[in-house]
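One structure is given here, and the rest of the page talks about it.
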Amino acid sequence: MTGPLLALDQITTYYGQMRILEGISLEVHPGELVCLLGGNASGKSTTLKTVLGIVRPRAGAVVVDGEDVTARSVPERIARGLAIVPENRRLFGDMTVRENLELGATLRRGEDLTEDFERVHTLFPRVYERRDQLAGTLSGGEQQMVAIGRALMSRPRLMLMDEPSMGLSPALVQQNFRIIKQVHEAGVAILMVEQNAAMALSIADRGYVLATGEIVLSGSAESLLRSDDLKRAYLGR
Ligand SMILES: Nc1ncnc2c1ncn2[C@@H]1O[C@H](COP(=O)(O)OP(=O)(O)O)[C@@H](O)[C@H]1O
Ligand SMILES: [Mg+2]
């Protein structure tokens, strides 16, 4: 068996004087879908930002393919196969869908992107139809597709997703989870932050539960779904 694609080893992260994460350790193996659950302000987004390098930890290590990347920049981590679908999508509203997708391949400038566009358009025919439309005029569900498509343009091996179902109608949440499942089945590992624990665990392999910056529970998705501790971990906050 190969080692983990991503490992966080005893990560402690501060914002100023405030300790936000305390001794977080977790792993994502190649092709795995792992969810990171937890209540509001428990440190989920901070964990993803620490993985990508947007936030630097005060202690601990971020390890990708066995290499310590803690001191590496965001682009260097993207070059190693990480990509993010950020909270609230963060598309460029006054750029077209196609231009937004291209931004996902910034580090591959000069390369032929035909296949990558095809891959995204096959997954999201809707994105193809809307390719010349300004991203700011898309519906929430369409924006989410473009955000996932943009992340795919860098050919990631690990996709970080921060609350992908936030702000979507119930029908679109269902569709969104189907899409995430498809991306996973195409071989991309996913580390997904979600408030919707039951839904996230229904497609995940494993999960971790954060409470005030510490991992209080982890296990297979099945065991977490059956766990009373999961409810307690949420309600105990
Ligand atoms: N840039 C920042 N500066 C100071 N505090 C922050 C910053 N970002 C987040 N926080 C605080 O860190 C805590 C964890 O935030 P976050 O990781 O966004 O939680 P979650 O994603 O689980 O809701 C919260 O108390 C939040 O207010
Ligand atoms: Mg968050």
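Keep in mind that what you see is a predicted model, and the values were worked out from it rather than measured. Order of appearance sets the numbers: ligands from 1, and atoms from 1 within every ligand. The chain is numbered in sequence order, starting from 1.
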Worksheet entry | Contact residues of ligand 1 (heavy atom under 4.0 Å), by chain and number | Tyr15, Ile20, Gly39, Asn40, Ala41, Ser42, Gly43, Lys44, Ser45, Thr46
Worksheet entry | Co-members of Met95 in a cluster of I, L, V, M, F, W and Y side chains, linked at under 4.5 Å | Phe92, Leu103
Discussion item. Can you tell whether the side chains of Asp116 and Arg155 come within less than 4.0 Å, N to carboxylate O?
Written reply: yes
Item to complete: Assess Ser45: does it contribute an N, O or S atom lying under 2.8 Å from the Mg ion (ligand 2)?
Response: yes
Fill in: Close side-chain approach of Leu37 and Gln195, heavy atoms under 4.5 Å
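Answer no - side chains too far apart.
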Item to complete: State, with a plain yes or no, whether a side-chain heavy atom of Leu158 is found less than 4.5 Å away from one of Val188.
Response: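 Of all side-chain heavy-atom pairs linking Val188 with Leu158, none is under 4.5 Å.
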Fill in: Minimal non-hydrogen separation, Glu194 against Ala200, with atom names
CB-CB, 3.8 Å
Worksheet item: Is Arg131 positioned over the aromatic face of Tyr128, cation under 6.0 angstrom from the ring centre and no more than 45 degrees off axis?
Response: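 The answer is yes, since Arg131 meets both limits relative to Tyr128.
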